[in-house]
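Notes follow once the structure below has been shown.
Keep in mind that the numbers below use all heavy atoms, side chains included, and drop hydrogens, waters and symmetry copies. Only a predicted model underlies this, so the values are computations on that prediction, with no experimental measurement involved.
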Amino acid sequence: MAAIDRVIGAAVDSVKKSGVLEAGALMATVSAVNSDGTVTVTRGDDTYPKVRLLSGYRDPAVSDTVEILKTTGGWVCVGELRTTNPNTWTTLTLAANWSPFGGAYGTPSYRVNGDGTVSLSGMAGRSPTVASPTTVLTLPAAIRPPFKQRFVTQVSSSAYAALDVNTDGTVVIGDYSGNAGWASLDPVRYRIL
């Protein structure tokens with residue numbers, strides 16, 4: 001169980017024991033994200049406007065599946081419920097002239113881990129080879145790091161490079177001599193929460 005899940009679980013248990021909780025938890029769907037920091041959710045034909053958010057639910061979006069609780073102070077959204085397998089890898093779109101390396105190497109992909117980190121995997125190949133620096137891919141907005149991250153990766157049989165994961169989502173290899181023919185993404189793991 002991830003640390004955030006334990007914290008949320010402990011918070012829910014504490015609220016239940018306090019007597020503030022009026023009803024059990026409900027699963028609902030976010031139908032609007034309001035400018036006042038609340039969300040509107042729907043469950044079947046029922047609508048729950050101005051549901052307050054716990055601080056751990058940072059990026060609410062329409063269509064998120066969430067858990068809500070009725071308290072004496074009104075409805076509270078505990079957070080988004082996971083609707084996919086956390087071990088599922090999602091294929092990344094590579095920049096021009098980059099493609100999956102193939103063979104025994106995995107397809108460039110990512111997954112969001114239960115501990116609030118993102119892992120990248122696979123190897124991207126480049127044809128023709130290219131001098132430093134070059135953008136390998138751009139990450140989806142939801143998994144971009146809050147700060148620039150730097151890793152080391154092999155880019156040819158005789159060269160290693162810095163692999164930067166930037167806040168704008170670009171994954172760039174640089175600081176190497178010669179030309180890069182590939183970039184391994186396996187060393188990359190960073191925190192998004």
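Separation of atoms CG (L81) and CG (D64) is listed at 9.5 Å; rounding is to 0.5 Å. Here the straight-line distance linking atom CZ of F151 with atom OG of S184 works out to 12.0 Å at 0.5 Å rounding. Taken to the nearest 0.5 Å, the CZ atom of F147 stands 12.0 Å off from the CZ atom of R191. Remark: W75 CH2 to K70 NZ distance equals 6.0 Å, nearest 0.5 Å.
Considering all non-hydrogen atoms of both residues, A159 and S177 come closest at CB-O, 3.9 Å. Summarising the geometry of T42 relative to S31, their closest heavy-atom pair is CG2-OG, 3.7 Å, with the distance given to 0.1 Å. The minimum heavy-atom distance between Q149 and P145, with the atom names listed, is CG-CB, 4.0 Å. Residue A142 comes nearest to I192 through the heavy atom pair O-CD1, 4.1 Å, listed as atom of the first residue, atom of the second, then distance. Between G174 and S132, the shortest heavy-atom distance links the atoms CA-OG, 3.1 Å. Among all heavy-atom pairs drawn from G181 and T129, the shortest one is CA-CG2, 3.8 Å.
For the pair V188 and Y110, the minimum side-chain heavy-atom distance is 4.5 Å or more. Using a 4.5 Å heavy-atom threshold, the side chains of V41 and I68 count as touching. Using a 4.5 Å heavy-atom cutoff, the side chains of Y176 and T134 are in contact. Inter-residue side-chain proximity for V30 and Y57 is flagged as met; some heavy-atom pair is nearer than 4.5 Å. In this structure the side chain of T117 never reaches within 4.5 angstrom of the side chain of Y190, judged on heavy atoms. The shortest distance between side-chain heavy atoms of L26 and L69 does not fall below 4.5 Å. With contacts defined as side-chain heavy-atom distances shorter than 4.5 Å, the pair E67/L54 does not qualify. Taking the side chain as every heavy atom from C-beta outward, T40 and T47 approach each other to under 4.5 Å.
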Quick one: do L185 and S121 satisfy side chain to side chain contact (heavy atoms under 4.5 Å, CB included)? Show the steps, please.
-> CA-CA 5 Å; L185 302 175; S121 183; 5.9 Å; no
What's the verdict on side chain to side chain contact (heavy atoms under 4.5 Å, CB included) for V78 and L53, showing C-alpha distance, side-chain angles and the deciding distance?
-> CA-CA 7 Å; V78 176; L53 307 177; over 6 Å; no
Going through the distances and angles, do M27 and T65 end up as a side chain to side chain contact (heavy atoms under 4.5 Å, CB included)?
-> CA-CA 7 Å; M27 189 166 64; T65 301; 3.6 Å; yes
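Remark: the backbone N or O of P128 is paired with a side-chain donor or acceptor of R126 at under 3.5 angstrom. At distances below 3.5 Å, not a single donor-acceptor pair connects side-chain atoms of T135 with backbone N or O atoms of L137. In this structure, D186 contributes its side chain and G122 its backbone to a donor-acceptor pair below 3.5 Å. Judged by distance alone, the side chain of R43 and the main-chain N or O of T29 form no donor-acceptor pair under 3.5 Å. Side chain of N34 to main chain of D36: no donor-acceptor pair is present (N/O by atom type, distance under 3.5 Å, no hydrogens or angles).
For T107, the side chain to side chain contact (heavy atoms under 4.5 Å, CB included) partners are T91, P100, not counting sequence neighbours.
Counting Ile, Leu, Val, Met, Phe, Trp and Tyr side chains that sit under 4.5 Å apart, directly or through other members, F101 shares a hydrophobic cluster with Y105, M123, W182.
Counting only N and O atoms by type, the side chains of S119 and N113 include a donor and acceptor under 3.5 Å apart.
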Atom pairs and distances, side-chain donor-acceptor, residues 164-173, under 3.5 Å, sequence neighbours left out:
residue: D164; atom: OD1; partner: R150; partner atom: NE; Å: 2.7
residue: D164; atom: OD1; partner: R150; partner atom: NH2; Å: 3.4
residue: D164; atom: OD2; partner: R150; partner atom: NH2; Å: 2.9
residue: N166; atom: ND2; partner: T170; partner atom: O; Å: 3.4
residue: N166; atom: ND2; partner: T170; partner atom: OG1; Å: 3.1
residue: D168; atom: OD1; partner: T170; partner atom: N; Å: 3.0
residue: D168; atom: OD1; partner: T170; partner atom: OG1; Å: 2.7

